[in-house]
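We count residues from 1, following the sequence as given.
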Amino acid sequence: MNSQTLYAQGKDSVEVHLTPDEALALTGVEFNGNPKIKTEAQRKIRNAFEKTLDFNSAAR
């Protein structure tokens, strides 16, 4: 299956607001007391991409 990613018109960047702990978790720091920190950061990034990019499964 081929897919295309089209940038929304005028968008060439994605902005995500992360807490310092979330940013550290994405670099590989582990938070044994709260393992959901990394998952939350990844969710925020995924949501930002979904709002910014248009994912089409049909090739044009």
Side-chain angles (χ1 to χ4, degrees):
M1 175 186 290
N2 293 334
S3 65
Q4 284 186 337
T5 304
L6 302 173
Y7 289 95
Q9 195 170 22
K11 294 279 188 174
D12 60 351
S13 64
V14 176
E15 186 173 324
V16 180
H17 296 280
L18 300 172
T19 66
D21 286 348
E22 290 169 341
L24 282 172
L26 292 176
T27 66
V29 174
E30 294 185 19
F31 291 86
N32 294 329
N34 189 357
K36 293 184 178 183
I37 292 175
K38 183 176 181 180
T39 305
E40 180 66 17
Q42 291 170 331
R43 183 190 63 79
K44 286 181 179 181
I45 291 172
R46 189 177 318 110
N47 287 341
F49 268 96
E50 288 173 355
K51 290 177 184 177
T52 305
L53 303 177
D54 180 21
F55 296 97
N56 294 316
S57 59
R60 291 184 182 185

Passing candidate, side chain to side chain contact (heavy atoms under 4.5 Å, CB included) with E22, options Q42, E40, K38, H17: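 For E22, the side chain to side chain contact (heavy atoms under 4.5 Å, CB included) check succeeds only for E40.
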Please round to the nearest 0.5 Å and tell me the distance separating atom NZ of K44 and atom OG1 of T19.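 Atom-to-atom, K44:NZ and T19:OG1 are 5.5 Å apart.
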Take L26 and L18 through the test side-chain contact (heavy atoms from CB on, under 4.5 Å) and record every step on the way to the result. CA-CA 10 Å; L26 292 176; L18 300 172; 3.8 Å; yes
Give the minimum heavy-atom separation between P35 and N32, together with the two atoms involved. CD-O, 4.0 Å
So which atom in S13 and which in T52 form the shortest heavy-atom distance, rounded to 0.1 Å? O-CG2, 3.7 Å
For L24, what residues pass the side-chain contact (heavy atoms from CB on, under 4.5 Å) criterion, not counting sequence neighbours? T27, V29, F31
